[in-house]
Amino acid sequence: MKIDRMRVFMTRDKDRPRVIVALDTDDGLTGWGECYNHGPDKALPPLLDYLYGFLSGQDPTRVDYLVNLLIQQSRFPPGALGLAAISALDHCLWDLAAKAANLPVYKLLGGEVRDRVKVYAGVYTAPDAPAARDEFDRLNEEWGFTAFKLSPWRIDMHAHRWGNVVKASADYFRSLRETVRDEYEIAFDAHAKIFEPVAARQLGNALAPYDPLFYEEPLRPENIEAWGDLKQGLNCVLATGESLYNRNEFLRLLQVKGADLIQPDICVVGGISEMRRIATLAEAHFVGVAPHNPMGPLATAVNVHFSAAAQNFRILEYRLPKGQAYVYGGLNIESRQGETRYVIDPYLPKDGYLELRPDRPGWGVEMDEEAMVHEGYVHWQRRVPKRPDGSYAFA
């Protein structure tokens, strides 16, 4: 069995662009993968074309051998785009290797250590407590969700005194706890908008009395030692890692005790191969893994297999393939609806969990190539806010 073709699809997942990759073999198998592509996504196809030259004619079951080649052939360590492209190719290789063995991918990873994978719903805004309750209850009734993630920002952090921003967030969380069902777990994503560790600590400690599931990424990722400073004196679970790229960066984060929960993205770090190494490092530091996954249903399928086989997995971020097109920030739940069609049979929650598919090889999903072509590409880019003085703030 040899790799003899690659195809790259620029398509969409509701209102977001997606770059989906297929590797075909000479005996008729196809492996599928997904890049992290929230800009500049159009740079990925030519990069994938270049990397494919290292895979053409190779045996796809030599996954580690080939992924190591893709990483090592670069004189300098690959960054965001390079690792996003390698991630998708890594996914394709694991899918092919498992299909060749007629097994689910998680069986090649040592087998499942759990029977199902817990997920939380990303709602991402900061709706008034009654609206949040209604949305949580709807998601619970339809899909069994008991864990959710919101934004903590109730007022403009740049236009108000910081103490008032913190108070507004604390008052908001208190009102949520008084309004929603007690068993609901609520996480908050600060979206790397805070510059100073002391300010991030103030916000986290204001949320802490109301028991957040975790407090996610308040700081930018570049100064890893600052995360160790932040963690000192923080009274809630600190989660981060979506913006880190490889095992070495995560090792530094763990060494400075900068997180209670890490959030690597399987479409960012170099695929499931690197994700497993990162999880092992975290396990040695007694830290759990809650993968970052605001991506499409193919990325979710890849995450299911990683999560099924990872001892220190805790919970997976999940985006329904049909329904609300949630957008981060603001005070309202988006009313726009959408549907993602390129995965015919996506993993859907049951009682708040994704069930494994032991009778299906590879990722366990079927792809719709016509949908990828006909849905077409949609452009998306981050909204970069401005402060009152006209300078740009963190997005």
Side-chain angles (χ1 to χ4, degrees), residues 12-16 18 34 114-151 172-173 175-189 211-214 216 290-305 307-308 313-358 360 363-368 371 375:
R12 70 174 68 197
D13 165 24
K14 296 180 184 173
D15 60 340
R16 298 291 183 93
R18 296 285 179 244
E34 181 172 335
R114 56 184 48 82
D115 299 324
R116 53 184 186 165
V117 173
K118 187 173 182 179
V119 291
Y120 69 85
V123 178
Y124 303 121
T125 60
D128 292 341
R133 176 197 59 212
D134 292 346
E135 185 70 357
F136 291 178
D137 287 348
R138 182 186 70 81
L139 291 167
N140 176 263
E141 181 179 345
E142 293 182 13
W143 305 105
F145 285 107
T146 58
F148 311 89
K149 187 165 76 178
L150 299 175
S151 162
Y172 174 52
F173 196 7
S175 71
L176 286 172
R177 280 285 176 232
E178 293 170 349
T179 304
V180 306
R181 286 164 50 180
D182 182 66
E183 64 266 32
Y184 288 163
E185 297 180 286
I186 304 172
F188 288 97
D189 183 359
D211 189 28
L213 175 61
F214 54 78
E216 177 176 339
H292 178 253
N293 180 43
M295 306 297 288
L298 177 58
T300 292
V302 178
N303 271 294
V304 165
H305 289 258
S307 303
F313 165 79
R314 293 295 175 264
I315 193 167
L316 174 66
E317 183 172 9
Y318 183 85
R319 191 169 183 257
L320 283 162
K322 184 176 182 179
Q324 300 281 29
Y326 297 113
V327 175
Y328 181 86
L331 304 180
N332 299 309
I333 296 170
E334 292 285 328
S335 59
R336 291 176 299 136
Q337 300 284 313
E339 183 175 0
T340 306
R341 297 182 175 86
Y342 60 80
V343 174
I344 294 172
D345 49 355
Y347 286 85
L348 297 172
K350 179 182 178 182
D351 298 327
Y353 291 82
L354 303 179
E355 303 285 347
L356 306 185
R357 296 175 174 178
R360 303 187 65 172
W363 301 130
V365 294
E366 183 178 351
M367 304 295 289
D368 187 334
E375 289 293 293

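Sequential numbering from 1 along the given sequence is applied to the chain's residues. Every heavy atom of this structure was used, including side-chain atoms; hydrogens, water molecules and symmetry mates were not.
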Any Pro349 side-chain heavy atom under 4.5 Å of Leu320 side chain: yes
Here the gap from Lys118 atom NZ to Phe313 atom CZ, rounded to the nearest 0.5 Å, amounts to 9.5 Å
Phe136 versus Leu150: any side-chain heavy-atom pair under 4.5 Å? yes
Gly329 versus Thr125, closest heavy-atom pair with distance: O-CG2, 3.1 Å
Minimum heavy-atom separation for His305 to Trp363, with atom names? NE2-O, 3.0 Å
Looking at Asn293, is its backbone amide N or carbonyl O close enough to the side chain of Glu317 to form a donor-acceptor pair, meaning the two atoms are under 3.5 Å apart? yes
Taking salt bridge (Lys or Arg N to Asp or Glu O under 4.0 Å) as the test, write out the residues that go with Glu142, two or more places apart. Arg138
With a cut-off of 6.0 Å (strictly less than), are more than 12 heavy atoms of other residues, nucleotides or ligands near CD of Glu141? no
In a check of side chain to side chain contact (heavy atoms under 4.5 Å, CB included) between Phe145 and each of Leu139, Val123, Asp351, which one passes? Leu139
If you look at every heavy atom in Pro297 and Tyr342, which pair is closest and at what distance? CD-OH, 3.5 Å
Examine distances only and state if a side-chain atom of Tyr172 and a backbone atom of Pro127 form a donor-acceptor pair shorter than 3.5 Å. yes
Can you list the steps and then say if Tyr318 with Leu348 is a side-chain contact (heavy atoms from CB on, under 4.5 Å)? CA-CA 9 Å; Tyr318 183 85; Leu348 297 172; 3.6 Å; yes
Between the side chain of Glu375 and the main-chain N/O of Arg12, is any donor-acceptor distance below 3.5 Å? no
Hey, is the main chain of Asp189 close enough, under 3.5 Å, to the side chain of Tyr328 for a donor-acceptor pair? yes
Distance, nearest 0.5 Å, that separates CD of Glu185 from CZ of Phe214: 9.5 Å
If every non-hydrogen atom of Thr340 is compared with every non-hydrogen atom of Lys14, which pair is closest and at what distance? OG1-N, 3.4 Å
Report the distance from atom CG of Asp211 to atom CZ of Phe173, rounding to the nearest 0.5 Å. 6.5 Å
Polar side-chain atom of Arg181 near backbone of Thr146 as donor-acceptor pair, under 3.5 Å: no
Any donor and acceptor pair, going by atom type alone, linking the side chain of Glu135 with main-chain N or O of Ile333 inside 3.5 Å? no
Drop me the distance from Tyr353's OH to Ile315's CD1, to the nearest 0.5 angstrom. 8.0 Å
Applying side chain to side chain contact (heavy atoms under 4.5 Å, CB included) between Val365 and each of Val343, Ile344, Val302, report the one that passes. Val343
If you measure from the Lys or Arg side-chain nitrogens to the Asp or Glu carboxylate oxygens, is any gap between Arg18 and Asp13 under 4.0 Å? yes
Carefully, step by step, assess Asp137 and Tyr184 under the rule side-chain contact (heavy atoms from CB on, under 4.5 Å). CA-CA 10 Å; Asp137 287 348; Tyr184 288 163; 2.7 Å; yes
Are any of the side-chain heavy atoms of Val119 and Trp143 separated by less than 4.5 Å? no
Arg357 versus Val304: any side-chain heavy-atom pair under 4.5 Å? no
One pair to check against salt bridge (charged side-chain N to carboxylate O under 4.0 Å, His left out): Lys350 and Asp115. What are the steps and the verdict? CA-CA 13 Å; Lys350 179 182 178 182; Asp115 299 324; over 6 Å; no
A side-chain contact here means heavy atoms from C-beta on lying under 4.5 Å apart; do Leu354 and Asn303 qualify? no
